[in-house]
Amino acid sequence: MIIALNNKCNLDKEEFINYQQELANIRTNHQLILCPSSLHIANFNLVNCDLGSQNVSKEETGAHTGEISASQLKSFLVKYCIVGHSERRQELKETSQDINQKIKQLLKYEIIPILCIGETESERELEKTMPVLEEELLLATKDLTKEQKDKIIIAYEPIWSIGTGKIPTIEQIEEVFTKIKSIFPDNKVLYGGSANEKNIDTLHKCQKIDGYLLGGLSLKVSELKIFLKKLEN
Ligand code: 13P
């Protein structure tokens with residue numbers, strides 16, 4: 001399985017040094033991808049994890065203050081990059097068109113996009129989950145060839161589940177994953193949203209999940225180890 005760790009906007013310099021030392025002890029058969037704050041990318045030194053970024057510029061290079069380009073990420077050996085996270089869609093007003101441009105930049109530099117999609121609570125209540133997810137997927141992958149699309153890792157993160165302790169039922173996850181895999185049959189699909197060492201036994205019942213995108217749990221290494229151990233069973 002793919003286990004991607006999204007540290008979000010956490011860990012200062014010293015904390016990150018200690019955090020990496022803790023992560024270095026993890027032994028697992030699963031693939032770990034660490035997506036630290038951009039400031040820590042240059043200090044990444046783990047051999048048991050691949051390196052990911054939490055964001056990329058939609059532009060190639062040049063006068064874009066505060067941005068980090070795909071070519072810069074590539075030069076720091078970044079292999080994966082999260083795009084379309086709901087926090088960026090909501091707080092930074094990133095549009096599907098922006099996300100599409102970002103994916104194209106990443107693919108140009110052979111960085112694998114981890115594309116996040118997910119519905120809000122009200123969209124779910126209004127039974128709009130499937131059309132919302134379908135639209136997010138289709139707009140984000142517009143104009144890509146099948147070969148390019150196949151490289152993308154999709155992360156289903158219901159917005160109402162992120163950081164809330166709530167997870168969808170297995171039936172809801174099965175329904176969504178079946179839909180995603182009917183459109184993108186050859187892609188890995190991750191689940192993200194309040195996944196932890198307590199609910200992993202339940203989530204793990206869903207055979208369609210190819211891995212997890214972890215927020216809060218990524219920062220708690222002892223709990224993360226329990227989570228990974230339970231996944232081995
Ligand atoms: P939590 O695991 O903290 O709910 O966050 C999920 C997430 O947003 C990962 O990208």
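Counting starts at 1 for both ligands and their atoms, in listed order. For clarity, every value in this text was computed on a predicted model and none was experimentally measured. Worth knowing before you read on, the calculation uses all heavy atoms, side chains too, and leaves out hydrogens, waters and symmetry mates. Residues: numbered from 1 along the sequence shown.
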> Does at least one non-hydrogen atom of Gly193 fall below 4.0 angstrom from an atom of ligand 1?
Replying inline: yes
Going by the 4.0 angstrom heavy-atom rule, the piece of Asn6 near ligand 1 is side chain
task: Dump the intermediate steps for side-chain contact (heavy atoms from CB on, under 4.5 Å) on Lys102 and Leu115, then the final yes or no.
output: CA-CA 10 Å; Lys102 288 179 183 219; Leu115 167 63; over 6 Å; no
Strictly under 4.0 Å, does any heavy atom of Ile162 approach an atom of ligand 1?
yes
So, regarding Leu214 and ligand 1 (criterion: nitrogen or oxygen to nitrogen or oxygen, under 3.5 Å), is there a contact or not? no
**Request:** Ignoring hydrogens and angles, state whether a donor on the side chain of Thr28 or Glu232 is under 3.5 Å from an acceptor on the partner side chain.
**Result:** yes
Open item on the list: Between Lys93 and Asp98, does any NZ, NE, NH1 or NH2 come within less than 4.0 Å of an OD or OE carboxylate oxygen?
Closed with: no
Practice task
Please state whether the rings of His40 and Phe16 are parallel, tilted or perpendicular, taking 30° and 60° as the class boundaries.
Solution key: parallel
Rounding to 0.5 Å, atoms NE2 (His85) and CD1 (Ile159) come to a distance of 9.0 Å
Minimal heavy-atom distance between Arg124 and Thr129, with the atoms involved, is CA-OG1, 3.3 Å
Residues 216-224, side-chain donor-acceptor partners within the protein, below 3.5 Å, at least two apart:
from	atom 1	to	atom 2	distance (Å)
Ser218	OG	Asn6	O	3.4
Ser218	OG	Asn7	ND2	3.1
Ser218	OG	Gly215	O	2.7

Would you check whether Glu87 has a nitrogen or oxygen atom less than 3.5 angstrom from a nitrogen or oxygen atom of ligand 1? no
Backbone or side chain, does any N or O of Thr164 fall under 3.5 Å from an N or O of ligand 1?
no
Of Ala195, Gly215, Ala4, Gly163, the one whose closest heavy atom lies nearest atom 4 (O) of ligand 1 is Gly163
- Query: Is the closest N or O pair between Leu213 and ligand 1 shorter than 3.5 Å?
  - Reply: no
Looking only at protein heavy atoms, what sits closest to atom 9 (C) of ligand 1 is Glu157 OE2, 2.9 Å
